[in-house]
> 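I'd like to ask you about the structure that follows.
Order of the sequence lines sets the chain letters (A, B, ...), proteins ahead of strands, with each chain counted from 1.
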There are 2 protein chains.
Amino acid sequence: MELSATAKVILGMLAARPRSGYEIKQLVDQSARFFWAASYGQIYPELKRLEQAGLVTGSEASQGARPRTIYKLAPAGKRAAREWIEQAPRTLELRDEGLLGLFFAGSINPARTPEIARERAAIAREKAAELRAIEAMVDGAAENGGPEAKPDSGSRAVLRYGIESSEWAAEWFERAAEDLERETSGARGAPRGR
Amino acid sequence: MELSATAKVILGMLAARPRSGYEIKQLVDQSARFFWAASYGQIYPELKRLEQAGLVTGSEASQGARPRTIYKLAPAGKRAAREWIEQAPRTLELRDEGLLGLFFAGSINPARTPEIARERAAIAREKAAELRAIEAMVDGAAENGGPEAKPDSGSRAVLRYGIESSEWAAEWFERAAEDLERETSGARGAPRGR
DNA sequence: ATCAGCATGTAAATGGTTACATGATTAT
DNA sequence: ATAATCATGTAACCATTTACATGCTGAT
């Protein structure tokens, strides 16, 4: 059975413990949003599909009149999750409009190129700061919080990856801005540069 | 006027010089494919939309019986491209199934986590090598090639970014694999064994 | 009483990929 | 002759976002 991307996120989220669709959305937004996104419009229908396919089982857990369904992995779902993890990941598809801008800046508006690189640096710095805040929150929760609080080593590693790669990118773009500035101001009729 | 993502790529590609839809697709695949993708199903319809909106103008350039249309930027298209470049880029949305796997590996199959990190490292190394090959090709073409060959500083910078960030990622994942291995083997009643 | 947040869902629109369809030209 | 590559396009499908719709519960 071919799992959709959303199905993989759901199975992954349910592997740790049973959750409602709402909880899954919150978790994706909080912990995985720097490399993955999912909307209600995907999560709720996919949960139903997965239930029909026998990969998850939902149980009613309404609180008073507020409806609530908590899903957990069925044995087939556990198998499917393991299989997915086992497979070699296909090559990464990246989509970055910022890089696209930098890529074309030279032919559209050369003078702006260094500035665009600087903007990218600022965005990367902001992202790093944001992720650092999440890390601090998670670490704080792990210290005083219940056993629910501590994330596993894989997700901690991914968070670290987000922080460190953003910092690396910020430095890289800053350096690139300087190089591009030198090229622009220096040469003139000699566009070959370098 | 709101430009679609595909429209931005097209305007960017036409900024350097006029091209056919086919050429745009080839160029995207060759030079931008590590951070952007576009299919014929997007490019051809979008070219027509852009022509109707007056941002590009197509001229027939058939060779014998083989049909061919070459598009170039109209003045309005130049303005639109400049505007887009001028705007601050929105925050980056990333989608990485490999990171997703690592993220969940801890709860789905902890013993495999280090190995998954190693696989990621291998993929990053491959990507770096691939991009290095492109760089060598581009540099070679610039030396002996015609005036068509040399890419502008922005796209050279983006290529360098692809190479260096992939190399950084490869090292990071290798280190992460070692850390995760130490964690796994060290602590725990480690019941599952492997 | 009011508001923030919990909780579920659907419909419409948009964006994007894949597969199909056609045929010409160039190199082997 | 045949294969590769040039060249254009459409249709069907799948993924994703956004907006809408509804109502409950807990805190202030």
> Using a strict threshold of under 4.0 Å (side-chain N to carboxylate O), is an ion pair present between Arg120(A) and Asp96(A)?
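Arg120(A) and Asp96(A): salt-bridged.
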> Just how far, in rounded Å, is P of dC6(D) from CZ of Arg19(B)?
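To the nearest whole Å, that distance equals 15 Å.
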> Rounded to the nearest 0.5 Å, what separation is found between the OH atom of Tyr161(B) and the CZ atom of Phe34(B)?
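Atom-to-atom, Tyr161(B):OH and Phe34(B):CZ are 7.5 Å apart.
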> Whole-Å distance between dG16(C) P and Lys8(B) NZ?
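Interatomic distance, NZ of Lys8(B) to P of dG16(C): 10 Å.
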> Does a salt bridge link Glu115(A) with Arg118(A), judged by any charged N lying under 4.0 Å from a carboxylate O?
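So Glu115(A) does not pair with Arg118(A) through a salt bridge.
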> One thing to verify: whether Arg82(A) and Glu86(A) come together as a salt bridge, which I'm taking to mean a side-chain N less than 4.0 angstrom from a carboxylate O.
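No salt bridge links Glu86(A) with Arg82(A).
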> How many whole angstroms separate atom CD of Glu2(B) from atom C1' of dG15(C)?
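About 14 Å, once rounded to whole Å.
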> For the helix from dA1(C)-dT28(D) to dT28(C)-dA1(D), how many degrees between its two end axes (five pairs per end), to the nearest 10°?
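Answer rounded to 10°: the end axes differ by 30°.
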> Under a 4.0 Å threshold between the charged nitrogen and the carboxylate oxygen, would Glu46(B) count as salt-bridged to Arg49(B)?
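Here Arg49(B) pairs with Glu46(B) in a salt bridge, since their nearest N and O are under 4.0 Å apart.
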> Can you check the Glu46(A) CD to dT10(C) P distance for me, whole Å?
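Going from Glu46(A) (CD) to dT10(C) (P), I get 13 Å.
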> Does Arg160(A) reach the main-chain N or O of Glu135(A) with its side chain, forming a donor-acceptor pair under 3.5 Å?
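No, Arg160(A) side chain to Glu135(A) backbone: no donor-acceptor pair under 3.5 Å.
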> How close or far is atom C1' of dG16(C) from atom CD1 of Ile10(B), stated in whole angstroms?
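Whole-Å distance recorded here is 13 Å.
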> Salt bridge check: are Lys25(B) and Asp29(B) linked by an N-O gap of less than 4.0 Å?
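Yes, charged N to carboxylate O under 4.0 Å.
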> Counting primed atoms plus P, OP1 and OP2 as sugar-phosphate and everything else as base, spell out the protein contacts along nucleotides 8-27 of chain D at 4.0 Å heavy-atom distance: B, S or - for each nucleotide, 5' to 3'.
BB------SBB-----BS--
> Identify, with sequence neighbours excluded, every residue that meets side chain to side chain contact (heavy atoms under 4.5 Å, CB included) alongside Thr113(B).
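In terms of side chain to side chain contact (heavy atoms under 4.5 Å, CB included), with neighbours along the sequence ignored, Thr113(B) is linked to Leu102(B), Ala105(B), Leu180(B).
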